[in-house]
Amino acid sequence: MHVLVLGGTAEARQLAGLLVAALPAGSRVTSSLAGRVTGPRLPPGEVRVGGFGGAGGLAAWLRTHQVDALIDATHPFAGTISFHAAAGAAAAHVPLLALRRPSWVPGDGDDWHPAGSLAGAAEALPALGTRVFLTTGRTGIAAFAGLDELWFLARSVEAPEPPFPARVELLPARGPFTLDGERELIRRHRIDVLVTKDSGGAATAPKLAAAREARIPVVVVRRPPVPPGVPVAATPEGALGLLRERLGLGT
């Protein structure tokens with residue numbers, strides 16, 4: 001048996017470990033990483049790095065490597081690859097399921113402002129604050145380049161590429177982050193508004209709690225649409241159980 005995991009997330013790494021331990025002897029688990037992050041944390045099993053060349057290239061890879069099941073465990077904002085996965089799996093007649101961490105949900109005391117896109121988030125900012133904690137990743141900073149009257153603390157795993165806002169401090173960092181650390185960042189930099197994508201998960205959630213405590217607004221960029229009809233699990237354990245069902249494997 002050969003299972004291909006489209007990965008790059010912490011949940012994908014956890015799932016690869018579960019698959020390696022749980023699948024029948026002689027099975028293969030291959031994780032595919034996009035290659036956009038330097039020095040990624042590698043999952044158990046086999047690893048390939050790089051794109052497939054669209055849905056057609058993925059379908060060809062699935063056939064050539066005799067893949068029995070495909071699991072899309074990519075980041076919730078990696079929308080294009082999810083549609084390629086759906087089309088490629090259908091073309092190759094390979095069962096597909098997705099692992100998606102649940103969205104964040106606002107709680108008591110939160111002041112959230114949903115935005116449909118990064119451009120929408122940038123448009124909303126001037127009315128909400130002047131010192132921005134920007135946590136939308138290295139590819140998202142360009143959407144805020146025209147807001148020269150605001151000051152930005154822009155955090156990302158990899159250094160972003162220009163264009164940048166005129167007043168920006170870049171902060172390279174990789175989660176998970178702590179509540180104490182996020183509180184200190186907000187205090188030290190006098191942050192009065194937070195911008196984030198609805199990535200979900202616990203690794204970067206402390207910033208939301210810190211913003212709630214500081215009583216500052218949060219602009220939350222909604223997730224892109226996902227392919228319809230794909231079975232979805234919320235946890236690595238759930239994905240393993242769903243895979244067993246799809247392939248008729250015993251527990």
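Because the structure is predicted, anything quoted here is derived from the model rather than measured. Nothing fancy with the numbering, it's 1 onward along the sequence.
For His113, there are no ring-ring contact (aromatic ring centres under 6.0 Å, His included) partners, not counting sequence neighbours. With sequence neighbours left out, the side-chain contact (heavy atoms from CB on, under 4.5 Å) criterion links Ala121 to Ala115, Phe144, Val195, Val219, Val221. In terms of the side-chain contact (heavy atoms from CB on, under 4.5 Å) criterion, residue partners of Thr235 (sequence neighbours excluded) are, by chain and number, Glu237. For His2, the ring-ring contact (aromatic ring centres under 6.0 Å, His included) criterion is met by no residue, not counting sequence neighbours. Annotation: side chain to side chain donor-acceptor pair (under 3.5 Å) contacts of Thr136 (sequence neighbours excluded): none. In this structure, Glu123 has no salt bridge (charged side-chain N to carboxylate O under 4.0 Å, His left out) partners at least two apart in sequence or on a different chain.
In the hydrophobic clustering of this structure, Leu96 does not group with Leu247; members are Ile, Leu, Val, Met, Phe, Trp, Tyr whose side-chain heavy atoms approach within less than 4.5 Å, directly or through other members. One hydrophobic cluster holds both Ile191 and Val220 under the rule that ILVMFWY side chains link at heavy-atom gaps under 4.5 Å. No single ILVMFWY cluster, assembled from side-chain heavy atoms under 4.5 Å apart, contains both Val226 and Ile81. In the hydrophobic clustering of this structure, Val3 does not group with Leu6; members are Ile, Leu, Val, Met, Phe, Trp, Tyr whose side-chain heavy atoms approach within less than 4.5 Å, directly or through other members.
Checked by atom type and distance alone, the side chain of Arg190 never pairs as donor or acceptor with a backbone atom of Asp192 at under 3.5 Å. In terms of modelled atom types and a separation under 3.5 Å, the side chain of Ser156 and the main chain of Ala159 share no donor-acceptor contact. Here the side chain of Arg138 pairs no donor or acceptor atom with the backbone of Val157 at under 3.5 angstrom. In this structure, Arg223 contributes its side chain and Ser199 its backbone to a donor-acceptor pair below 3.5 Å.
The closest side-chain heavy-atom distance from Leu70 to Leu4 is below 4.5 Å. Considering only heavy atoms from C-beta on, Val218 comes within 4.5 Å of Leu208 through its side chain. Side-chain contact between Pro165 and Ile141: present, with at least one pair of heavy atoms (C-beta onward) separated by less than 4.5 Å. The shortest side-chain heavy-atom distance between Arg167 and Phe152 does not fall under the 4.5 Å cut-off. By the 4.5 Å heavy-atom criterion applied to side chains, Arg222 and Asp198 are not counted as neighbours. Side-chain contact between Ser31 and Val5 is present, with heavy atoms from C-beta onward closer than 4.5 Å. Side-chain contact between Leu185 and Leu171: present, with at least one pair of heavy atoms (C-beta onward) separated by less than 4.5 Å. Taking 4.5 Å as the limit, some side-chain heavy atom of Thr196 sits within range of a side-chain heavy atom of Trp104.
Residue pairs meeting the side chain to side chain donor-acceptor pair (under 3.5 Å) criterion with at least one member in residues 79-93, sequence neighbours excluded: Asp72-Ser82, Ser82-Arg100. Judged as a ring-ring contact (aromatic ring centres under 6.0 Å, His included), the pairs with a partner in residues 179-233 (not counting sequence neighbours) are, in order, Trp151-His189.
Heavy-atom minimum distance, Leu170 versus Val168: CD2-CG2, 3.9 Å. For the pair Gly140 and Leu118, the tightest heavy-atom approach, listed with the atom from each and the gap, is CA-CD1, 3.6 Å. Nearest heavy atom pair, residue Ala86 against residue Pro227, reads CB-CB, 3.8 Å. Closest approach of Pro206 to Ala203, counting heavy atoms only: CD-O, 4.0 Å.
The structure places CZ of Phe133 at 10.5 Å from CD of Glu169, a figure rounded to the nearest 0.5 Å. One finds the CG atom of Leu99 at 11.5 Å from the CG atom of Leu243 (value rounded to the nearest 0.5 Å). The OG1 atom of Thr74 sits 11.5 Å away from the CG atom of Leu33 when rounded to the nearest 0.5 Å.
Residue-environment remark: CZ (Arg215) stays at or below the threshold of 12 foreign heavy atoms within 6.0 Å.
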task: Run the numbers on Ile186 and Leu194 for side-chain contact (heavy atoms from CB on, under 4.5 Å), then give the verdict.
output: CA-CA 9 Å; Ile186 289 174; Leu194 167 68; over 6 Å; no
task: Apply side-chain contact (heavy atoms from CB on, under 4.5 Å) to the pair Val193 and Ile216, showing each step before the final yes or no.
output: CA-CA 6 Å; Val193 59; Ile216 64 175; 5.8 Å; no
- prompt: Can Leu147 and Leu125 be said to form a side-chain contact (heavy atoms from CB on, under 4.5 Å), step by step?
  reply: CA-CA 9 Å; Leu147 299 177; Leu125 268 183; 4.0 Å; yes
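Between Arg155 and Glu182 there is a salt bridge, since at least one side-chain N of the basic residue sits less than 4.0 Å from a carboxylate O of the acidic one.
Taking Ile, Leu, Val, Met, Phe, Trp and Tyr as hydrophobic and joining them when side-chain heavy atoms fall under 4.5 Å apart, one finds Phe177 isolated, its cluster having no other members. Hydrophobic side-chain contacts under 4.5 Å tie Leu179 to no other Ile, Leu, Val, Met, Phe, Trp or Tyr residue.
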Would you mind writing out the side-chain donor-acceptor pairs for residues 10-29 within the sub-3.5 Å range, not counting sequence neighbours?
unit_1	atom_1	unit_2	atom_2	d
Glu11	OE1	Arg101	NE	3.4
Glu11	OE1	Arg101	NH2	2.9
Glu11	OE2	Arg101	NE	3.2
Ser27	OG	Pro24	O	2.7
Arg28	NE	Glu46	OE2	3.0
Arg28	NH2	Glu46	OE1	2.9

Can you give me every donor-acceptor pair (side chain of residues 52-64, partner residue at least two apart or in another chain, under 3.5 Å) with its distance?
unit_1	atom_1	unit_2	atom_2	d
Trp61	NE1	His65	NE2	3.2
Arg63	NH2	Ala91	O	3.1
Thr64	OG1	Ala60	O	2.9

